[in-house]
A.B. asks: 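Pasting a structure below so you can have a look.
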Amino acid sequence: MLSLSSMLIPAVLFFALGFLAQLIRSDLKFPADLSKALSIYLLVGIGLHGGIELAKVDPAGAIGAVVAALGLGFGLPVIAYFILSWGIRIDRLNAAAIAAHYGSVSAGTFITAIAFLDSIQVPYESYPVIMLAIMESPAIIIGLVLANLARKEQGNGHEKRVSSELVHDAFTNGSVVLLLGGMLIGAIAQPTGLSKILPFYDTMFMGVLSLFLLNMGMEASRRIGDFGKVGPSLLLFGIAMPLGGAAIGLVVGHWGLGFGVGGTMLVAVLAASASYIAVPPAMRLAIPEASPALFLTLSLGITFPFNVIVGIPLYFAAAQWLIR
Amino acid sequence: MLSLSSMLIPAVLFFALGFLAQLIRSDLKFPADLSKALSIYLLVGIGLHGGIELAKVDPAGAIGAVVAALGLGFGLPVIAYFILSWGIRIDRLNAAAIAAHYGSVSAGTFITAIAFLDSIQVPYESYPVIMLAIMESPAIIIGLVLANLARKEQGNGHEKRVSSELVHDAFTNGSVVLLLGGMLIGAIAQPTGLSKILPFYDTMFMGVLSLFLLNMGMEASRRIGDFGKVGPSLLLFGIAMPLGGAAIGLVVGHWGLGFGVGGTMLVAVLAASASYIAVPPAMRLAIPEASPALFLTLSLGITFPFNVIVGIPLYFAAAQWLIR
Amino acid sequence: MLSLSSMLIPAVLFFALGFLAQLIRSDLKFPADLSKALSIYLLVGIGLHGGIELAKVDPAGAIGAVVAALGLGFGLPVIAYFILSWGIRIDRLNAAAIAAHYGSVSAGTFITAIAFLDSIQVPYESYPVIMLAIMESPAIIIGLVLANLARKEQGNGHEKRVSSELVHDAFTNGSVVLLLGGMLIGAIAQPTGLSKILPFYDTMFMGVLSLFLLNMGMEASRRIGDFGKVGPSLLLFGIAMPLGGAAIGLVVGHWGLGFGVGGTMLVAVLAASASYIAVPPAMRLAIPEASPALFLTLSLGITFPFNVIVGIPLYFAAAQWLIR
Amino acid sequence: MKPVKRIEIVIEEIELENVIDELDRIGVVGYTIVPRAGGRGERGVRYENLQGLGNVQLTIACSETQSIKVIEAIRPILKRYGGVCLVSDAMWVIHDS
Amino acid sequence: MKPVKRIEIVIEEIELENVIDELDRIGVVGYTIVPRAGGRGERGVRYENLQGLGNVQLTIACSETQSIKVIEAIRPILKRYGGVCLVSDAMWVIHDS
Amino acid sequence: MKPVKRIEIVIEEIELENVIDELDRIGVVGYTIVPRAGGRGERGVRYENLQGLGNVQLTIACSETQSIKVIEAIRPILKRYGGVCLVSDAMWVIHDS
Ligand SMILES: Nc1ncnc2c1ncn2[C@@H]1O[C@H](COP(=O)(O)O)[C@@H](O)[C@H]1O
Ligand SMILES: Nc1ncnc2c1ncn2[C@@H]1O[C@H](COP(=O)(O)O)[C@@H](O)[C@H]1O
Ligand SMILES: Nc1ncnc2c1ncn2[C@@H]1O[C@H](COP(=O)(O)O)[C@@H](O)[C@H]1O
Ligand code: NA
Ligand code: NA
Ligand code: NA
């Protein structure tokens with residue numbers, strides 16, 4: 001029942017519409033610049049909201065969230081890597097690239113989770129937004145470290161050192177800049193001025209999300225063609241990993257951070273989600289030996305739809321069950 | 001007086017501004033991706049509104065509208081075809097291509113008509129939106145059937161069968177997907193969630209329309225250069241056909257469907273309008289022998305401006321006169 | 001204190017964020033079509049607001065503003081030209097091109113000034129918007145006249161007459177068309193219809209400005225690389241000229257037009273601002289011998305940031321001091 | 001470096017799908033697409049627009065034998081819908097990946 | 001297939017109108033435009049931007065005799081505004097439409 | 001007109017920066033970029049998207065000696081990331097600016 005109603009929140013329905021449009025081979029075109037524009041708006045908007053909320057709460061409280069975010073950001077990709085290379089036995093370099101995606105987060109999934117909580121009117125803590133911003137980057141570093149270890153073993157000369165340049169790229173990533181920048185502005189901007197820009201970022205937020213998800217549905221659907229290349233065991237990983245991540249997230253959110261149902265569920269979503277915007281180009285550059293057909297299909301074609309349609313209500317139900 | 005005030009609704013003024021800007025050869029540029037974005041927004045928005053309204057009314061009542069839409073969608077292109085090939089005596093293939101445009105509809109004209117009704121605060125039925133979605137496709141099929149008959153007569157081998165592929169394209173057209181998808185979401189989405197995205201699709205709707213019409217005014221103006229190629233009799237057709245279509249639409253709306261002034265006028269607008277977004281590429285693919293200089297100039301350069309500036313207030317006055 | 005609080009209005013903070021993002025070489029991309037879309041929206045929006053306000057006030061009162069705008073538009077570039085060629089002694093053609101930029105205006109700076117006044121809740125006259133529209137063009141003509149004089153002296157054959165074509169381009173410039181068009185529509189459109197599009201142009205205005213300034217911050221930051229080519233004396237000009245212009249604007253606004261603090265400050269901003277959208281391409285075409293590395297770096301890289309961060313609060317303080 | 005034929009095709013956006021189907025049919029794997037192109041020819045001016053009636057520029061590097069197949073496959077489409085197809089010689093920098 | 005000259009011109013967006021006027025003057029009908037290009041040359045870096053100071057890539061296939069006219073018409077513009085113009089040989093796939 | 005080599009490179013958007021660094025290193029000043037390209041090759045289909053995994057088309061006109069340096073600099077990148085590099089002959093219309 002929860003699950004069904006959640007299927008029917010507009011965000012999910014627009015995602016499904018886009019997925020379907022592509023499936024029936026509609027000639028519907030969604031300009032790439034439009035989805036870039038929408039994602040800029042969404043990142044700034046979620047940052048602003050977060051910053052405004054955070055300015056109200058105890059900054060000390062944020063420390064726990066920061067530590068948890070770093071823990072998850074560095075821990076999850078390592079777990080994913082071992083499952084992939086020892087469990088599923090795919091080559092180390094693809095394992096490292098995929099692991100980086102699952103260690104990082106998907107802002108789209110996070111915002112959809114917030115749309116879910118809003119539509120069933122459940123409150124949530126403001127700290128998870130910081131975690132979203134922090135968790136973007138660490139996994140990228142881990143991914144490269146793992147790839148270099150793998151290359152060393154294989155003894156091929158292509159080690160690309162974790163150069164300052166690469167760390168720079170990971171932390172000056174466009175998404176991170178917009179999220180942190182938005183949070184800072186939300187926290188320090190002069191109130192009257194802020195009140196003048198908020199209608200833009202408030203009134204339109206969920207509507208813009210609906211168009212963004214329409215497009216992401218189309219992109220997810222485009223990946224289906226590569227399911228063959230991915231193979232059953234990896235496809236299974238694309239569903240098992242978010243479930244495992246969510247479990248860890250629930251523990252961290254509830255016992256680690258003492259969040260309520262809303263906040264705990266959001267931490268689960270962060271841990272369960274896989275990046276499909278920031279990490280793919282980073283891994284393409286850092287681990288060219290890895291196949292985008294694998295990591296994009298898993299993160300965008302499997303895990304993202306799974307989280308949006310099944311995961312979010314499921315993690316919410318789990319959070320309720322934990323905190324009853 | 002009605003006509004003058006209608007000239008002064010912002011939608012029309014923005015159309016005129018765009019038309020003028022092009023006429024005076026301003027260097028004003030309107031990015032193609034922006035107009036694609038605006039039309040995606042407008043189609044989803046009109047669909048959503050329609051779906052919400054339709055969820056409130058008796059679904060049985062929709063059946064009449066569906067039947068009427070199919071009747072108009074299949075009937076109007078045939079009428080147009082005979083006028084063009086027997087009356088104006090242009091070659092059969094161009095006749096078929098042009099006929100398809102006039103059998104289909106223009107969402108831009110329909111939404112401008114709604115802007116007109118809103119600004120003079122006249123209510124209207126919700127069924128015409130379904131008709132808008134349904135009437136997009138049939139004319140495309142008819143156009144091809146007519147073209148094939150013509151080709152057979154001319155005995156040139158290029159018959160392109162009304163392949164399942166072509167029917168597929170006609171019905172999975174991007175505009176249709178967005179309209180029907182929006183309607184479905186509007187009808188079934190969970191209310192709280194819907195209330196969160198509506199501000200985006202409500203508050204901004206008429207404003208977005210104003211920018212869209214600014215661009216359409218520019219595009220219409222661009223067609224003037226081809227008036228020479230079109231010739232006086234076809235230019236006359238571009239004004240006579242919408243008048244004839246509107247007359248049929250008034251009859252169908254009033255006596256056929258028993259709509260009020262608003263709804264009857266909208267049916268007239270549907271019948272009077274010619275497609276300039278969905279049908280041109282379909283005809284370009286299906287009837288390459290036909291000249292875009294003819295069908296685009298007629299639908300976008302003549303009929304669209306005529307309907308927006310003269311037609312809409314005229315059809316409204318006629319509907320008032322019918323239903324006094 | 002005024003200056004600090006002004007630093008903290010969101011408009012300025014977003015500009016700073018964009019500037020910083022580029023400075024730290026973030027991979028943040030801002031689609032060119034998006035900034036074109038935002039500027040179309042902002043120009044129409046500011047025009048509409050202006051037109052609505054102007055419809056309320058005494059049209060006779062506008063005459064003074066028009067005269068003042070023409071005076072500043074024709075006078076400022078001449079002043080700038082003499083400072084550049086006699087004072088700083090740069091070649092005449094670059095002097096002419098740069099002068100044209102400083103004689104014209106920056107809508108972005110003007111709108112940021114309005115954001116500033118709104119956020120400290122200071123009222124302002126509606127006439128300056130007309131001045132904004134009028135001041136776009138004259139400087140372009142002056143720039144070319146000066147360039148031709150220079151070419152005559154140098155006796156090189158490349159005189160490009162102030163052809164009707166060029167005057168045409170100056171006055172049919174896209175920004176001018178959108179500003180004047182928006183003003184006209186705001187003044188004459190039917191009220192109910194207008195009330196339906198205003199939410200779009202009101203609610204979102206300051207938010208859209210924030211994204212536009214984010215991008216302009218990035219663009220300004222990009223110019224830093226050319227500071228070397230510009231050299232210290234020209235860089236100084238980029239700060240001294242707006243200060244001088246502002247002084248003239250304050251005199252014109254207060255004694256010439258009898259405006260209050262808000263209006264006087266806006267006239268100062270108009271005189272202080274340098275065009276970085278409309279004039280660069282015009283000068284590139286008219287004076288190809290001039291280096292974009294100079295005029296773009298000065299107007300977009302120096303004067304625009306200076307006005308947005310330091311100038312606006314400064315000119316406001318000066319206006320307050322004048323009119324206490 | 002190995003000598004190849006460089007085939008440059010300009011067609012309408014809406015025809016691209018058909019052309020790619022043809023390439024698949026004759027086994028041509030590689031091509032580069034530059035979308036949002038405009039131009040002018042016998043059929044008048046074309047530019048990127050809402051209707052998708054603009055052009056795309058398609059570049060194909062292939063062996064001479066393949067190039068002949070491509071040309072034969074493309075010619076009827078050009079005949080029917082217009083467009084241009086230019087063929088020239090080039091050297092392909094081999095990177096044996 | 002008939003031999004033609006392939007002329008490839010890169011100029012600033014804002015000059016395009018002038019160049020097309022020149023082509024009309026010398027009777028060149030066909031050309032292809034790729035807008036939103038960027039690049040670097042003597043005059044520094046250019047990229048698509050709000051001011052329209054980016055580049056466009058213009059491709060013209062024409063006879064040798066026409067190509068000479070085009071080059072003569074384009075040269076002063078290149079001299080004044082910068083840009084490049086490359087000329088090479090190509091075969092035009094005829095589709096006698 | 002002077003004879004030059006026309007080098008046409010298609011690579012992923014994200015690699016562009018590295019390639020330009022290489023060009024700077026070997027002293028190549030001029031190039032033209034056509035962004036937002038797509039295509040297909042050994043590594044499957046690519047198109048402009050949110051992730052910036054589309055292609056860019058890079059055109060370089062330079063002397064034969066420079067062309068050799070460019071090719072040597074580009075080859076390892078192509079080997080590692082894929083893409084194509086075509087080299088052909090062209091005449092550069094000199095405008096001695
Ligand atoms: N001579 C030419 N040189 C370059 N491009 C051409 C030429 N002729 C046609 N084209 C391109 O091919 C498209 C279709 O040509 P057409 O079918 O002749 O109208 C035009 O829009 C141009 O982009
Ligand atoms: N050697 C070259 N190879 C390719 N394109 C070039 C070359 N030189 C210049 N260009 C293009 O022509 C434009 C103008 O060049 P310039 O006038 O030298 O600054 C540049 O922005 C490039 O797009
Ligand atoms: N034979 C070809 N002709 C033209 N472009 C190609 C060819 N092969 C590859 N490309 C381009 O180079 C990109 C990368 O190729 P690849 O690394 O083989 O996947 C593709 O997306 C195409 O844009
Ligand atoms: Na994760
Ligand atoms: Na119709
Ligand atoms: Na000024």
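In what follows, every chain begins at residue 1, and chains take the letters A, B, ... in the order their sequences are listed.
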A.B. asks: For the interface with chain B, which of Ala32(A), Gly207(A), Ala115(A), Pro31(A) has the highest count of heavy-atom pairs at distances below 4.5 Å?
C.D. replies: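 Most pairs with chain B among the choices: Gly207(A).
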A.B. asks: Considering non-hydrogen atoms only, spot the tightest contact between Lys196(B) and Asp118(A) and give its length.
C.D. replies: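 Answer, listing the atom of Lys196(B) first, then Asp118(A): CE-CB, 3.4 Å.
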A.B. asks: Counting only heavy atoms closer than 4.5 Å, note whether Phe205(A) contacts chain B via side chain, backbone, both or neither.
C.D. replies: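 For Phe205(A), neither part sits under 4.5 Å from chain B.
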A.B. asks: Is there a side-chain contact between Leu211(A) and Phe200(B) in this structure, where contact means two heavy atoms from C-beta onward sitting under 4.5 Å apart?
C.D. replies: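 When only atoms from C-beta onward are counted, Phe200(B) and Leu211(A) do touch, with a gap below 4.5 Å.
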A.B. asks: To the nearest 0.5 angstrom, please state how far the OG atom of Ser26(A) sits from the CZ atom of Phe171(B).
C.D. replies: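 Here the rounded value is 13.5 Å.
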A.B. asks: Per the side-chain contact (heavy atoms from CB on, under 4.5 Å) rule, which among Leu214(A), Leu13(A), Val12(A), Leu8(A) passes with Ile185(B)?
C.D. replies: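 Going through Leu214(A), Leu13(A), Val12(A), Leu8(A) one by one, the side-chain contact (heavy atoms from CB on, under 4.5 Å) with Ile185(B) is satisfied by Leu13(A) alone.
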A.B. asks: Heavy-atom pairs under 4.5 Å with chain A - which of Leu48(B), Leu178(B), Asp169(B) has more of them than the others?
C.D. replies: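 Max contact count across the listed options: Leu178(B).
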A.B. asks: If you define the side chain from C-beta out and look only at heavy atoms, does anything of Asp33(A) sit under 4.5 Å from Leu34(B)?
C.D. replies: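 SC-SC contact between Asp33(A) and Leu34(B) ruled out.
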A.B. asks: May I ask you to test the Pro199(B)-Met204(A) pair for a side-chain heavy-atom distance under 4.5 Å?
C.D. replies: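 No; the side chains remain at least 4.5 Å from each other.
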A.B. asks: Report which part of Val44(B) has an atom under 4.5 Å of a heavy atom belonging to chain A: side chain, backbone, both, or neither.
C.D. replies: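 The side chain, not the backbone.
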A.B. asks: Would you say the side-chain atoms of Gln190(B) pair up with the backbone N or O of Pro10(A), donor to acceptor, closer than 3.5 Å?
C.D. replies: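 Side chain of Gln190(B) to backbone of Pro10(A): no pair is present.
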A.B. asks: Could you tell me which portion of Leu194(B) (side chain, backbone, both or neither) has an atom closer than 4.5 angstrom to a non-hydrogen atom of chain A?
C.D. replies: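 Answer is both: backbone and side chain atoms of Leu194(B) are under 4.5 Å from chain A.
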A.B. asks: Which pair of non-hydrogen atoms, one from Ile24(A) and one from His168(B), has the smallest distance, and what is that distance?
C.D. replies: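 Taking every non-hydrogen atom into account, O-NE2, 2.7 Å.
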A.B. asks: In Å and rounded to the nearest 0.5 Å, what is the NZ to OG distance from Lys29(A) to Ser39(B)?
C.D. replies: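 Those atoms lie 12.0 Å apart.
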A.B. asks: Are the side chains of Thr192(B) and Gln121(A) in contact, using a 4.5 Å heavy-atom criterion?
C.D. replies: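 Gln121(A) vs Thr192(B): side chains touch.
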A.B. asks: Do the side chains of Val177(B) and Leu17(A) get nearer than 4.5 Å, heavy atoms only?
C.D. replies: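 They are in contact (side-chain heavy atoms under 4.5 Å apart), so the answer is yes.
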